[in-house]
Structures are given as C-alpha cells and as structure tokens.
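Written below as structure tokens is the structure these notes are about.
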2 protein chains.
Amino acid sequence: MRIAELSRRTGVPIPTIKYYMREGLLPQGERTGPNQARYGEEHVRRLRLARALVEVGGLPVASAREALALIFSSGVSEFDVLGKAQYALTPPRERAGDGAGDDAGDEAAAQVDELIARRGWQVKPGNPARRTLADALATLRRLGEDDYLDLLETYAETAEQLADTEVRAISRRGDLHSMAEAVVIWTALGDPVIASLRRLAQEARAARLLGGTAEDTS
Amino acid sequence: MRIAELSRRTGVPIPTIKYYMREGLLPQGERTGPNQARYGEEHVRRLRLARALVEVGGLPVASAREALALIFSSGVSEFDVLGKAQYALTPPRERAGDGAGDDAGDEAAAQVDELIARRGWQVKPGNPARRTLADALATLRRLGEDDYLDLLETYAETAEQLADTEVRAISRRGDLHSMAEAVVIWTALGDPVIASLRRLAQEARAARLLGGTAEDTS
DNA sequence: GGATAGCGGACAGTGTCACTATCTACTATG
DNA sequence: CATAGTAGATAGTGACACTGTCCGCTATCC
C-alpha cells in the first residue's frame, strides 16, 4: 500500500504521516525505488496507535515515540514492560516551584514513601509517579487542603482495585508483544476514561446528595 | 503589599503575574496612584490557586480563568457549582477523527448512555465528560481493544466509590465559597493524584503477580 | 533633595510544539 | 506521454505560555 491509502485507512493526513516518520513514530516503508515505498498492516496499526496516544492520551510526540519503540521492540521481558511503559508514558516534569522556605515538597515526598510502605507496595524508587504524586500533594498542602489524608486513603484503596483488575487482564494476554501493547494502551487511555467516569459519577452523586435536578445549566 | 512581595510569597515571577492579570486570572490590585497598586491576601490565594491549576492540573490558562471566576463569583448555588466547575475545567476537545465509514464513535456514544442509565446515574446531557469518555471508548474500539467491557465496569464501580467519598467530603464544607474552591481544586488536582496512585499500584500488583523484583530498570 | 530602586502598563519578542505547505526530482498508470 | 502520485528536504504556521524591554512615574533612603 502507498501513503495515500495509509492516510485514507487511518484518517491521518499525509503531511502528518511524513512528520511522524521524521519523528520516529513510524518506521520507513519498504523501499521500492528512489521515491517509492510500500507500507503494510503494521504501519496501519502503529499509526492508529500513535494517533490514539497523541490525540486521546494527550501524550507529547516524543513520549509516544518511546512507547511505540517499546511495543515494537523485542528486548523486553514481561517483568519490566510495565515499568518501562510507565517511564515512557510519563512526560518529563520540572521540579515544582520552591517558594520561600517551603518544605511542603519534602513533607509530601515523605508522605508518599510512607503511603507506599504502609500499603505494602513494592515500587521502584525511580518510578516517576512518585514525583508526580508528591508534587500534587505538596501543592494541595500549599493551598491549605491539608485534610486530604482520608481522601488519599480512599484514592489508594481505589487505585489498588483498579490495578488488580488491570494487571489480571493484561496477564491473560498470550504473547509479550500483545501484553506490551495493552499496557501502553491502557496506561495512556485509561487516564481519560477514569477521569471522565469520575466526573460523571460525581455529578450523579451530587444530584442525589444535594438534591440537584438533572437540568442543563448551560 | 506590592507586586514584588506577591511574587516572593507565591514563587511566581513578576512578568508572569502581570500576564495573569492581563488574562483575567487575577483581578487588578487596589490602585493608590497612577502607577501604584496594592495587593491583598486574596491575590496571594488566587495566584497560588491559578498556579496549581495550570502547573499541576495542566489546565490551559483560559480554563483556569473560568474556574477562578466561578470560585470568586457569588452567583452560584450549591446545586450547580459542580456542573459549572466541570464545564470550566474540561478543555474544549475537537470532534474525534472520522475515518472512512467509521461508526465506532456512534456506538461508543450509545455505550456511554447505556452505562449511565444502567448505573442509575443522573447526568446532564451536556456534561463534557460524556464526550471525552465516548471518544476514548471509540478509540479503544478502533484499536481492537473491544474486550474493554469488564474493565469499564470495574472503572465505573471505582469511580462511584471515589465520587461518593468526594461529594461527601465537599458537602461537609461550611460556606459555598469554600465548597466551590474545593470542587475546583479536587476536580483538577484529583486527576494527577489518581493517575499516579494507579501507576504505583499497578507496579506493585505486577511485581506481586508476575514475580518481578523491585530493581530499578533505568 | 537627589539618587536609586521599584512600579504599572503597553507591547514586542521568545521558545516550544505539533503540525502544514511548498518544492524538487522522480515514478506509476491510464 | 500526460497526469497524478511519491519521497524527502526545508521552511512556514498558529497556538500557547510566558518573558523582555521601555516609558513615565513613585517611594524611599541617604
């Protein structure tokens, strides 16, 4: 198949496909001449995947490249697919702002460690989610929301349930490639799915508790 | 207080503060002369909030403005704080790509409606989370992950638990202003907190189930 | 009272990011 | 052999979130 068909089948404009190739999200097609190449089903799949990560998952192109490289490489064992995917999928974050004499950050980091230990979780010290979580907690604390501890407990409990179901579902996959793919897809797309469901459930619960009606306020 | 102190106390550079004022995230200070103004505690609080929404919550500046306007206005009843906050906090999304003969979108939208109905949730038809969720599900379907139904059920269940705890916590706040603030903060910052916890729990669960160790793979 | 630092406001500039457009030389196909 | 399509290179675009600079004025310290 040539590039026009690749574009038609995926809905991605040709210039964008070329851009993705330049950026390493897609490999070159099989060359048949100085200005001709052929693309196969793997290109279709990989392009769809790239599009999903960038558009729905909101990943930066560089992170999508990492994630795709992970999926379509052969050097991963099932023991570190997940870790590597998490590294690839977490866009780099700069150190959060250090105001004057601000120790909220350190306290939050300690709190994260404590939470992980208390739950009996085995988490690598380099997992970027530690940092993200600590940053968010530090911010919460700076905003005076220091009564977040019970909410955090609920969140952690909930996250455990999610992770349990997810890891079980993933481990049912046959081959390693399919597992890696599922890990990336669900890590990246699970976030918006969960966020949406949370909002929907919030509105429903609020309507019930506060007696609001289902009228549109727009 | 003058702008230098405002900057010092919040860690936000002066040019950025000026920019936020231009963009309506912060109101003008109380003028004391043609080129002098005074800022109060409310400015500090509002600036910290703005910063948190943009930096940690990842909101576009325009959405942060909406959310702040909601908090610091008086015309909201407790019945629609949540709905309005959700509208304000959901960055506008364009219609997802329509490839050739693609009905995954419609099917996904129907699936969302069905899920909401089955759960007995009362959700306004205009809630933007419907669209986000439908888009994500459609993408999943296009990627061939059509076995997501049981996972979705777990997610929905989980979201309900979260929402229950959250709405209860919010409704314990005294005044409406504090409620509005909490809704915005927790809606925006809850997402990264939950996402991080999910990743941490995933790694822990995976280590347990697949027998991975806690070595660093970096 | 004069030097210095800081201020508010306007406006232009910067860096990043994800594309998008154009051009050239070449190829496939009716 | 005319037309449409192609690969690859390079430059341009538009959105976004700042950031820098300048002006005329003010506050404050010696």
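Given the structure is predicted, the values throughout are model-derived calculations rather than measurements. Letters go in sequence order (proteins before strands), and every chain restarts at 1.
A salt bridge links A/Arg198 to B/Glu166: at least one charged side-chain nitrogen sits closer than 4.0 Å to a carboxylate oxygen. We find that B/Arg141 and B/Asp147 are not joined by a salt bridge, their nearest charged nitrogen and carboxylate oxygen being 4.0 Å or further apart. Between B/Arg45 and B/Glu181, at least one side-chain N (NZ, or NE/NH1/NH2) sits under 4.0 Å from a carboxylate O, which counts as a salt bridge.
For the pair A/Leu197/B/Leu152, a side-chain contact is recorded, criterion being any heavy-atom separation below 4.5 Å from C-beta on.
Going from atom CE of B/Met21 over to atom P of C/dG9 covers 8 Å, rounded to whole Å. If you take CD of A/Glu23 and C1' of C/dT16, they are 12 Å apart, rounded to a whole angstrom. In this structure, A/Arg38 atom CZ and D/dA7 atom P are separated by 12 Å, rounded to whole Å. Going from atom CD of B/Glu5 over to atom C1' of C/dA5 covers 16 Å, rounded to whole Å. Taking atom CD of B/Glu30 as the reference point, atom C1' of C/dG8 lies 15 Å away to the nearest angstrom. Residue A/Tyr39 contributes atom OH, which lies 16 Å from atom P of D/dG5 at whole-angstrom precision. Between the P atom of D/dC18 and the CG atom of B/Leu53 lies a distance of 12 Å, rounded to the nearest Å. When the P atom of C/dA5 is taken as reference, atom CZ of B/Arg8 falls 19 Å away, rounded to whole Å.
How far CD of A/Gln202 is from CG of B/Leu162: 8.5 Å, rounded to the nearest 0.5 Å.
An OP1 or OP2 oxygen of C/dG9 is reached within less than 4.0 angstrom by a side-chain nitrogen or oxygen of B/Arg31.
Note on B/Gln28: only backbone sugar-phosphate atoms sit closer than 4.0 angstrom, heavy atoms only; bases stay farther off.
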Original post:
In the 5'-to-3' direction, what one-character label does each nucleotide of nucleotides 18-30 of chain C receive under the scheme B = base within less than 4.0 Å of a protein heavy atom, S = sugar-phosphate only, - = no such atom?
Top reply: BBB----BBSS--
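For B/Tyr148 and B/Glu153, the side-chain atoms include no donor-acceptor pair closer than 3.5 Å.
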